[in-house]
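Notes follow once the structure below has been shown.
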There are 2 protein chains.
Amino acid sequence: MTASSHRAQPPVSAAVVCRRLESLAPLGPASLGLLLCLDDLQTHEAGCELVSERAPHFPSRFLISGWAARVRWLADGRRQILGFLLPGDGIGLCLRPHPLALATTVALTPLVTIDAEPVMRAVGGPAPPEDLAAAMQIASSMDEAALLNQVVRLGRQTAYERMCHLLLELYDRLSDVGLAEDQTFPMPLTQELVSDALGLSVVHVNRILQQLRREGLLDLRTGRASLLDIEQLRDIADYERPQPSRWRSFPGSQPMSEAPA
Amino acid sequence: MTASSHRAQPPVSAAVVCRRLESLAPLGPASLGLLLCLDDLQTHEAGCELVSERAPHFPSRFLISGWAARVRWLADGRRQILGFLLPGDGIGLCLRPHPLALATTVALTPLVTIDAEPVMRAVGGPAPPEDLAAAMQIASSMDEAALLNQVVRLGRQTAYERMCHLLLELYDRLSDVGLAEDQTFPMPLTQELVSDALGLSVVHVNRILQQLRREGLLDLRTGRASLLDIEQLRDIADYERPQPSRWRSFPGSQPMSEAPA
DNA sequence: CGGACTATTGATAACAGTCAACAGTGGTGG
DNA sequence: CCACCACTGTTGACTGTTATCAATAGTCCG
C-alpha cells in the first residue's frame with residue numbers, strides 16, 4: 001500500500017464515520033469519543049491498491065474522503081467491480097484474526113483513510129459496547145445488501161434499469177453521510193468504471209446516459225450528477241431505499257412513521 | 001414457515017454440519033459435542049419459505065439435507081437467485097439480535113434442518129469457543145466469497161462460462177461435505193432454477209447444456225450431474241477452488257502442499 | 001391415462017458488444 | 001502560450017449473443 005502517513009492538518013476528520021454509524025444506530029458518548037480519537041490519518045493516490053486479493057494481511061480502516069472500489073479480474077483481463085466504497089465505509093474490516101482478502105480494493109480517487117483497529121478491537125473484545133457493535137453489524141448487513149442488489153442488477157435488469165438503480169444507490173449512500181443535497185452528488189466515476197460495475201461495455205453505458213439525459217432524468221457533468229426525477233427513476237429501477245433504522249429492534253433516535261398504536 | 005417438528009428417528013444427523021465446519025477449521029471435542037447435541041430437527045416441503053424478505057424474525061438453522069436458495073423478485077415477476085444453500089450451510093445466521101432478512105430463502109427440495117441457536121449463543125456469548133468461532137467466521141467468509149463469485153459470473157462471463165463456473169462451485173461445495181464423488185453429484189435443480197441463478201433464459205440454459213454434453217464435458221441426467229473434464233471446465237470458467245484451510249493463520253489439521261521449507 | 005411440470009428444438013427479434021473514428025479536456029513541457 | 005499527449009467521452013455501422021415466442025416431446029405422479 002503506497003501511502004504517506006502524516007498527522008499534520010488532517011484534511012477532514014473521523015466526523016464522517018460518526019455520521020455514518022449514527023445513521024445506523026444511536027451512539028453513546030463513549031463510542032463517539034472512541035471514534036473521534038481515531039488517528040493515523042493516511043492519504044492514498046488514485047489507483048493505489050489498499051487491499052490485494054488473497055493478501056494475508058491488510059489494514060482495517062475507514063474511508064474518510066474519496067471513492068474506492070472492490071474489484072476482481074478474470075484471467076483474460078475482463079474486470080468486474082463488486083461494489084463502491086464511499087466516505088464513512090469500512091475497508092478490510094473483518095473480526096477474524098488473519099483473514100485472506102476476498103477481493104482487491106483500489107482507490108478510484110485520491111483518498112483519506114483512518115485507522116479502524118481501535119473500533120475492531122472494542123467490538124471484538126470481551127465487553128463490546130452495545131451501541132457500537134450494533135452499528136457495525138448493521139453496517140456489515142448494509143454491505144451485504146449492496147452486494148445482493150448488485151447481483152439482482154446484473155442478473156435480471158436491463159442496462160437502462162441497472163444504470164438508474166446504481167445512480168439511486170450512490171445518491172442514497174452519499175445522502176446518509178451528508179454528501180448529497182438537492183438530488184445532486186459528486187460523481188467521480190468514468191464511464192469505463194461504471195461499465196465495469198454494471199457489466200456493460202463503455203459504449204453502451206455512454207448511450208444509456210445519453211438516453212437518460214434526453215429524457216430529462218439525469219444531469220451528468222464532469223464530477224457531478226443530478227437526479228432530476230427520483231420518483232420516475234425509482235419506478236424504472238424497481239429501487240427501494242434501504243431503511244437501516246428499521247433494522248434495529250430497540251427504539252432508536254429517528255422517529256418512525258409506524259409508531260406503535 | 002410451514003414445517004413439521006418431530007424428534008422421532010432423525011433422517012440424518014448434525015454430522016454433516018460437523019463435517020462442514022471441520023473442513024473450515026479443526027474443532028475440539030467441546031465444540032463437536034455442542035454440535036452433536038443440537039436438536040429440534042424439522043422437515044420442510046419443497047417450495048416452502050424458510051425466511052421471508054424483511055421479516056423481522058426468522059430462525060437460525062443448519063441445513064442437514066436438501067437444497068434451498070436465497071431469492072429476490074422484481075416487481076414485474078422477474079426472479080433472481082442470489083445463491084444456493086447446500087447441506088451443512090447455515091440458514092438465517094446473524095449475530096445481531098433482531099435482524100431483518102435481506103432476502104427470501106426457499107426450499108428447492110424437501111429439507112431437513114436443525115436448530116442452530118445453541119451455536120449462535122455460544123459464538124456470540126461472553127467467552128466464545130475459539131475453534132467454533134473461527135469455523136463460523138470462515139463459513140461466513142465463504143458465503144461472501146460465493147456472492148462475489150456470483151457477481152463476477154453475472155457481470156463479466158458469457159452464458160457458457162457461467163454454467164461451467166456454477167457447476168464447479170456446486171461440485172466443490174458438495175465435495176466439502178462428502179456429497180460428491182467421482183466428479184458426480186446430486187443435481188436437483190431444474191433448468192428454470194439454473195436460469196434464474198445465472199441470469200439467463202431457460203431456453204438458453206438448455207442450449208448451453210446441450211453444448212456441454214456434445215463437447216463431452218458434462219453428463220447431466222435427472223437428479224445427477226457428472227463433470228467429465230474438470231480441468232477443461234476450470235479453464236473455461238476461470239474457476240479456482242477456494243481453500244478455506246489457507247484462510248486460517250494458525251496451524252490446522254489438514255496438511256498443506258506448501259509445507260514450510 | 002390424464003395433467004402438470006420439465007426438457008427440447010426452431011424461427012425470429014431485441015439488446016448489447018465490437019470496431020473505428022473523432023471530439024473534448026486537462027496536464028506538461030518546450 | 002501553444003503544441004502535444006493521454007485520457008475520456010461521443011457517435012455510427014455492423015455483429016453477435018441471448019431473449020422471446022411457439023410448438024412438441026418426455027417424465028413423473030396420482
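Letters A, B, ... mirror the listed sequences (proteins, then strands); counts begin at 1.
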Mind checking what makes side chain to side chain contact (heavy atoms under 4.5 Å, CB included) contact with [X], not counting sequence neighbours?
X	answer
E240(B)	R54(A)
R156(A)	L74(B), R78(B), Q80(B), S195(B), D196(B)
A225(A)	F185(A), M187(A), L220(A)

What pairs meet the salt bridge (Lys or Arg N to Asp or Glu O under 4.0 Å) rule with one or both residues in residues 202-219 of chain A, with sequence neighbours excluded?
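Non-adjacent pairs meeting salt bridge (Lys or Arg N to Asp or Glu O under 4.0 Å): D219(A)-R221(A).
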
Enumerate the residue pairs fulfilling salt bridge (Lys or Arg N to Asp or Glu O under 4.0 Å) with a member in residues 184-195 of chain B, sequence neighbours excluded, ordered by first and then second residue.
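Found none.
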
Please collect all side-chain hydrogen bond (donor to acceptor under 3.5 Å, both in side chains) contacts where either partner lies in residues 224-238 of chain A, sequence neighbours excluded, each pair once.
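As it turns out, the side-chain hydrogen bond (donor to acceptor under 3.5 Å, both in side chains) pairs with a partner in residues 224-238 of chain A, which skip direct neighbours, are T184(A)-S226(A).
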
Measure from the side-chain N and O atoms of R162(B) to the backbone N and O of R153(B), and report whether any donor-acceptor pair falls under 3.5 Å.
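Side chain of R162(B) to backbone of R153(B), a donor-acceptor pair under 3.5 Å: yes, one is there.
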
Main-chain N/O of L50(B) paired to R61(B) side chain as donor or acceptor, under 3.5 Å
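Pair absent, no side-chain N/O of R61(B) close to backbone of L50(B).
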
Rounded to the nearest 0.5 Å, what's the gap from CG on L209(B) to OH on Y160(B)? Could you check?
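The distance works out to 11.0 Å.
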
Rounded to the nearest 0.5 angstrom, the CD-CG distance for Q150(A) and L148(B) is 10.0 Å

Could you walk me through whether D89(A) and R20(A) satisfy the salt bridge (charged side-chain N to carboxylate O under 4.0 Å, His left out) test, starting with their C-alpha distance in whole Å, then the side-chain angles of each, then the deciding distance to 0.1 Å, before giving a yes or no?
CA-CA 8 Å; D89(A) 285 340; R20(A) 172 71 204 289; 2.6 Å; yes

Taking only side-chain nitrogens and oxygens of Q191(B), does any of them come within less than 4.0 Å of OP1 or OP2 of dT8(C)?
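Answer yes for this pair, as a side-chain N or O of Q191(B) is under 4.0 Å from OP1 or OP2.
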
Sequence neighbours left out, cut at 3.5 Å: what donor-acceptor pairs do the side chains of residues 100-111 of chain A make with other protein atoms?
residue, atom, partner, partner atom, Å
T104(A), OG1, E53(A), N, 3.1
T109(A), OG1, W67(A), N, 3.0

Sort me out a list of protein N/O and nucleotides 23-25 of chain D N/O pairs below 3.5 Å, or just none if empty.
none

Tell me the interatomic distance from R221(B), atom CZ, to dT27(D), atom C1', rounded to whole angstroms.
16 Å

When you match R156(A) and E192(A) each to their closest nucleotide on DNA chain D, which lands nearer the 5' end?
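So the residue in question is E192(A).
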
Please give the angle, rounded to 10 degrees, between the axes at the start and the end of the helix from dC1(C)-dG30(D) to dG30(C)-dC1(D), where five pairs define each axis.
40°

Any ring-ring contact (aromatic ring centres under 6.0 Å, His included) pairs touching residues 199-240 of chain B, not counting sequence neighbours?
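Only H165(B)-Y239(B) qualify under ring-ring contact (aromatic ring centres under 6.0 Å, His included).
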
For DNA chain D, which residues of residues 193-215 of chain B approach it to below 4.0 angstrom with any heavy atom?
G199(B), L200(B), S201(B), V203(B), H204(B), R207(B)

Look for any protein N or O under 3.5 Å of an N or O in nucleotides 21-27 of chain C and output each such pair with its distance, or none.
none

